Number of protein chains: 2
Amino acid sequence: MPTSTAAQKRAQAKDEYDSFLAQCPSRQLLDRISDKWVALILAALGSDGPHPGDGYVGEPRSMRYSELSRRLAGVSQKMLTQTLRALERDGLITRTVTPTVPVTVTYGPTDLGLSLQQVMWGVKVWAEAHMDEVLANRKEYDNRVS
Amino acid sequence: MPTSTAAQKRAQAKDEYDSFLAQCPSRQLLDRISDKWVALILAALGSDGPHPGDGYVGEPRSMRYSELSRRLAGVSQKMLTQTLRALERDGLITRTVTPTVPVTVTYGPTDLGLSLQQVMWGVKVWAEAHMDEVLANRKEYDNRVS
DNA sequence: CAGGATCCCGCTAGATACTG
DNA sequence: CAGTATCTAGCGGGATCCTG
């Protein structure tokens with residue numbers, strides 16, 4: 001009888017690899033930015049166009065909670081709050097409370113957040129240049145197997 | 001009585017925005033590359049280093065199913081097959097079947113897949129340059145609220 | 001060797017209701 | 001206005017067993 005079974009060895013290798021993955025900076029970043037609302041919030045706070053992603057030019061602007069809520073139609077209060085907290089925790093946006101009555105809260109991008117946006121810009125450029133090709137490949141593939 | 005209630009209007013706006021989101025090229029791309037294994041498979045097929053992500057230089061190489069399975073320790077058969085199928089469908093990798101006995105199947109990157117890798121390279125660079133800062137922010141934030 | 005088919009479980013997004 | 005609290009259903013993903 002071996003000191004450890006093959007199954008145990010496999011499980012251990014898996015755990016080691018998983019923790020390696022969890023600590024990989026790229027993996028951590030992907031986990032964060034792939035969140036449904038992160039990119040949109042960053043884009044909204046990073047440019048002052050009428051829609052997020054309209055253009056990269058333009059001053060970064062701060063927005064109030066309710067303003068973000070309107071801009072990102074379809075986001076639930078829960079997810080908006082949750083996402084904003086996460087971004088603030090990571091130092092990607094700032095949260096400013098002004099003690100008026102009722103209270104006013106504004107969110108704005110940090111330098112770190114703005115630099116992250118530039119990476120996402122690269123993603124946007126590739127997507128707009130090649131996603132139609134990907135979609136075409138997808139259709140063709142589906143036709144072949146059907 | 002209005003022809004539509006406020007709740008109905010909100011629901012409609014949400015649906016419209018959701019479908020807009022679903023069709024956004026950047027969103028589609030993020031959904032694909034944020035998959036746990038996509039980046040790793042692409043990296044593995046795009047460079048011949050001992051580990052995925054070791055270096056961007058080096059020839060793209062083709063790998064067999066079992067080779068990928070070993071390289072990406074911890075991936076389940078189901079997810080590996082599922083991910084490979086999705087990437088092939090999108091035209092990002094090729095799947096080649098050689099009718100030996102038993103059958104031999106190799107996967108390799110396409111030009112499109114290689115170009116996508118360059119975008120992910122940008123992500124990797126940002127992550128390695130700034131994730132420690134993000135992590136530090138996170139720690140500090142947690143101390144403030146504790 | 002390279003998968004396909006199934007069962008099952010944990011997580012998480014969403015809806016709803018309430019509050020300083 | 002800007003959130004918090006709770007409850008629940010759906011599904012992504014792992015484990016397991018089977019096959020040409």
Side-chain angles (χ1 to χ4, degrees), chain A residues 5-15 17-18 21-22 27 30-32 34-38 40-41 62-89 93-108 145, chain B residues 5-8 10-15 17-18 21-22 27 31-32 34-38 40-41 62-89 93-108 145:
Chain A
T5 68
Q8 282 172 335
K9 280 186 187 171
R10 260 186 283 117
Q12 187 189 353
K14 177 193 180 313
D15 288 346
Y17 197 75
D18 281 353
L21 254 191
R27 179 76 261 143
L30 273 176
D31 282 343
R32 164 95 21 262
S34 66
D35 184 281
K36 189 174 182 182
W37 301 107
V38 164
L40 292 170
I41 291 178
S62 292
M63 299 177 72
R64 300 185 56 179
Y65 181 90
S66 51
E67 199 176 353
L68 279 168
S69 179
R70 253 173 283 119
R71 177 78 85 90
L72 309 178
V75 65
S76 66
Q77 294 174 346
K78 177 185 174 180
M79 289 318 295
L80 182 54
T81 299
Q82 202 173 94
T83 308
L84 288 170
R85 286 282 182 284
L87 290 176
E88 184 199 1
R89 188 167 99 109
I93 65 174
T94 59
R95 178 177 186 267
T96 312
V97 180
T98 311
T100 52
V101 182
V103 67
T104 303
V105 183
T106 57
Y107 295 91
V145 294
Chain B
T5 68
Q8 282 172 336
R10 259 185 283 116
Q12 188 189 353
K14 176 194 180 311
D15 288 346
Y17 196 77
D18 281 354
L21 252 191
R27 179 76 261 142
D31 281 344
R32 164 92 24 261
S34 67
D35 184 281
K36 188 173 180 182
W37 302 107
V38 164
L40 292 170
I41 290 178
S62 293
M63 298 177 71
R64 300 185 57 179
Y65 181 90
S66 52
E67 200 176 353
L68 279 168
S69 178
R70 252 173 285 118
R71 178 80 84 91
L72 309 177
V75 65
S76 66
Q77 295 172 348
K78 177 185 176 180
M79 290 317 295
L80 181 54
T81 299
Q82 203 174 92
T83 308
L84 288 170
R85 284 285 180 281
L87 291 177
E88 183 200 2
R89 190 167 98 106
I93 64 174
T94 59
R95 177 176 187 268
T96 311
V97 180
T98 309
T100 51
V101 183
V103 65
T104 304
V105 182
T106 57
Y107 296 90
V145 295

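Both backbone and side-chain heavy atoms feed into the values below; hydrogens, waters and symmetry mates do not. Letters go in sequence order (proteins before strands), and every chain restarts at 1. No experiment lies behind these values; they were computed from the predicted model shown.
- Between A:Asp35 and A:Val103, the residue anchored closer to the 5' end of DNA chain C is A:Asp35, taking for each the nucleotide with the nearest heavy atom.
- Annotation for B:Glu67 and B:Ser62: closest pair OE1-O, 4.5 Å, computed over non-hydrogen atoms.
- Counting only heavy atoms from C-beta outward, the side chains of A:Lys36 and B:Leu21 approach each other to under 4.5 Å.
- Spacing between atom CD1 of B:Ile93 and atom C1' of C:dA2 amounts to 14 Å, rounded to whole angstrom units.
- Heavy-atom minimum distance, A:Arg64 versus A:Val103: NH2-O, 4.3 Å.
- Between A:Tyr65 and the phosphate of D:dT4, there is no side-chain N or O to OP1/OP2 separation shorter than 4.0 Å.
- Across the protein-nucleic acid pair, B:Leu21 atom CG and C:dA13 atom P stand 15 Å apart, rounded to whole Å.
- Using a 4.5 Å heavy-atom cutoff, the side chains of A:Trp37 and A:Leu84 are not in contact.
- To the nearest 0.5 Å, atoms CD (B:Gln82) and CG (B:Asp35) are separated by 8.0 Å.
- Residues B:Val75 and B:Ile41 form no side-chain contact, since every pair of their non-hydrogen atoms from C-beta on lies 4.5 Å or further apart.
- Computed from coordinates, the B:Leu72 CG to D:dG13 C1' distance equals 16 Å when rounded to whole Å.
- Heavy-atom minimum distance, B:Met63 versus B:Leu68: SD-CD2, 3.9 Å.
- At least one side-chain nitrogen or oxygen of B:Arg95 sits closer than 4.0 Å to the OP1 or OP2 atom of C:dG3.
- Between A:Lys14 and A:Asp18 the shortest side-chain heavy-atom distance falls below 4.5 Å.
- Proximity of a side-chain donor or acceptor of A:Thr94 to a complementary backbone N or O of A:Gly108 within less than 3.5 Å is detected.
- The CD-P distance, from A:Glu67 to D:dG3, rounds to 14 Å in whole Å.
- The interatomic distance linking A:Leu80 (CG) with D:dA2 (P) rounds to 10 Å, in whole Å.
- Contact annotation: the side chain of B:Thr81 approaches that of B:Tyr65 to within less than 4.5 Å [non-hydrogen atoms, C-beta and beyond].
- Put simply, A:Arg64 has no side-chain N or O that comes within less than 4.0 Å of OP1 or OP2 on D:dC1.
- Recorded end-axis angle for the helix from C:dC1-D:dG20 to C:dG20-D:dC1 stands at 50°, based on five pairs per end and rounded to 10 degrees.
- Within residues 81-89 of chain A, the residues having any heavy atom closer than 4.0 Å to DNA chain C are, in order of number, A:Gln82.
- Between B:Leu87 and B:Tyr107 the shortest side-chain heavy-atom distance does not fall below 4.5 Å.
- Checking the phosphate oxygens (OP1, OP2) of D:dC1, no side-chain nitrogen or oxygen of A:Thr104 falls inside 4.0 Å.
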Please enumerate all protein N or O atoms sitting under 3.5 Å from an N or O of nucleotides 14-19 of chain C, with distances to 0.1 Å.
| from | atom 1 | to | atom 2 | distance (Å) |
| --- | --- | --- | --- | --- |
| C:dG14 | N7 | A:Lys78 | NZ | 3.2 |
| C:dG14 | O6 | A:Lys78 | NZ | 2.3 |

